[in-house]
Amino acid sequence: MYEDSYNNMFDLNGKVALITGSSKGIGLAIAWQMARSGASVVISSRKKEACDKVCSDINEKGFSAVSIPCNVGVKQDIEDLVAKTNTSFGNVDILVCNAATNPVFGSLSEMPDDAFEKLVKVNIHSTLWLSKLVVPQMIENGGGSIILLSSIAAIRGNAFIGGYGMTKAAESALARNLAVEFGHANVRVNAISPGLVKTDFAKALWNDPVYRKKQETATPLRRIGLPEDIAGVAHFLAAPASAYLTGQSLVVDGGETISSL
Ligand SMILES: NC(=O)c1ccc[n+]([C@@H]2O[C@H](COP(=O)([O-])OP(=O)(O)OC[C@H]3O[C@@H](n4cnc5c(N)ncnc54)[C@H](OP(=O)(O)O)[C@@H]3O)[C@@H](O)[C@H]2O)c1
């Protein structure tokens with residue numbers, strides 16, 4: 001019977017993947033991985049030049065990409081992003097909500113209102129706006145995969161990035177709620193919760209040799225994560241290989257959170 005299973009469980013040929021925050025870091029690695037696997041990818045961030053460069057690099061290698069700049073904290077930008085994606089490639093099959101912000105460090109008791117409002121808008125509301133726009137397209141296509149970037153900050157307390165952690169917990173909750181609501185239409189929704197990954201976002205942490213050493217020692221795999229470590233999991237969640245997986249938040253942290261080291 002298995003000769004009739006998917007020919008290649010990781011094939012994304014013919015799929016359209018929209019990835020926010022894909023000009024660098026984790027989003028960039030995800031865009032390359034999905035493009036190499038056959039998807040037409042949308043490269044998006046606030047900076048047009050950065051998106052254009054990534055887009056031309058991917059197209060030069062014979063893969064398929066389009067550059068559509070967008071600030072995910074602006075609803076009109078999100079609507080334009082989806083409309084332009086549809087014009088370029090058609091309906092969205094894979095949505096990766098990866099762009100996020102962390103504008104403030106320190107005690108929750110001192111967090112300014114505008115910092116929290118920015119966190120909510122960029123990290124949570126954008127994801128809901130995007131999901132609302134693409135879910136009908138996925139239903140029309142017979143299914144789709146939405147992947148939300150959460151964090152291990154969603155599952156542990158932290159005295160310095162509490163507001164950020166709250167928004168990341170909301171991403172995991174949103175994945176569960178959307179998964180329940182749209183599973184009947186074969187729309188799968190999952191989150192990825194990375195540990196410390198070597199990108200600009202977390203540079204202040206991994207660039208500090210003392211913190212880095214402590215982190216590596218406390219992690220069973222004895223290293224911090226790389227963007228491609230997360231891209232492999234995103235590819236899996238987008239592909240037929242994960243066809244029966246929905247509503248989950250996959251922790252990708254080298255074992256940090258399961259360890260007593
Ligand atoms: N790195 C880690 O240790 C780590 C750990 C756990 C979870 N995460 C999560 O992983 C995701 C990616 O983080 P990263 O480490 O890859 O960050 P990064 O290297 O700083 O890249 C962030 C990307 O998002 C874009 N971006 C930022 N704000 C945006 C906005 N308002 N609208 C549109 N695009 C925006 C950036 O480009 P522009 O500046 O041009 O807009 C860039 O392309 C985030 O959701 C983060 O919370 C990261």
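Both counts, for ligands and for their atoms, begin at 1 and track the order of listing.
- Applying the salt bridge (charged side-chain N to carboxylate O under 4.0 Å, His left out) test to Asp80 and every residue at least two apart in sequence or in another chain returns nothing.
- No side-chain donor-acceptor contact under 3.5 Å links Arg156 and Thr257.
- Under a 4.0 Å criterion applied to the non-hydrogen atoms of Lys47, ligand 1 contributes the atoms 38 (P), 39 (O), 40 (O).
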Verdict with reasoning, Gln215 to Leu205, per side chain to side chain contact (heavy atoms under 4.5 Å, CB included)
CA-CA 9 Å; Gln215 189 71 22; Leu205 299 177; over 6 Å; no
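- The N/O atoms of Val197, backbone and side chain alike, include one that comes under 3.5 Å of an N/O atom in ligand 1.
- Looking at atom 44 (C) of ligand 1, its nearest protein heavy atom turns out to be Asn98 O, 3.1 Å.
- For the ligand labelled ligand 1, residue Lys168 lies inside the 4.0 Å heavy-atom shell.
- Of the protein's non-hydrogen atoms, the one nearest atom 15 (O) of ligand 1 is Thr199 OG1, 2.4 Å.
- For atom 40 (O) of ligand 1, the nearest non-hydrogen atom from the set Gly225, Ser45, Ala154 comes from Ser45.
- The protein heavy atom nearest to atom 5 (C) of ligand 1 is Gly195 O, 3.1 Å.
- Checked against side chain to side chain contact (heavy atoms under 4.5 Å, CB included), Lys121 has the following partners two or more places apart in sequence or in another chain: Trp129.
- In this structure, Pro69 and Arg46 approach most closely via the heavy-atom pair CB-O, 4.5 Å.
- Between Pro194 and ligand 1, a contact under 3.5 Å exists for no N or O pair.
- For the pair Ile26 and ligand 1, the shortest N or O to N or O distance falls below 3.5 Å.
- The protein heavy atom nearest to atom 46 (C) of ligand 1 is Tyr164 OH, 3.4 Å.
- For the residue pair Ser150/Ser172, the side-chain donor-acceptor check at 3.5 Å is satisfied.
- At the shortest separation from atom 32 (N) of ligand 1 among protein heavy atoms lies Val72 N, 2.9 Å.
- Of the charged side-chain nitrogens involved, none lies within less than 4.0 Å of a carboxylate oxygen, so that Glu49 and Lys53 do not count as a salt-bridged pair.
- Looking at Ser126 against ligand 1, nothing comes within 4.0 Å, counting heavy atoms.
- Of all the listed residues (Ser150, Ser44, Ser23), Ser150 holds the heavy atom that lies closest to atom 7 (C) of ligand 1.
- Across Lys198, Glu49, Lys203, Arg46, heavy-atom proximity to atom 39 (O) of ligand 1 is greatest for Arg46.
- Here the heavy atom of the protein found nearest to atom 34 (N) of ligand 1 is Ala99 CB, 3.5 Å.
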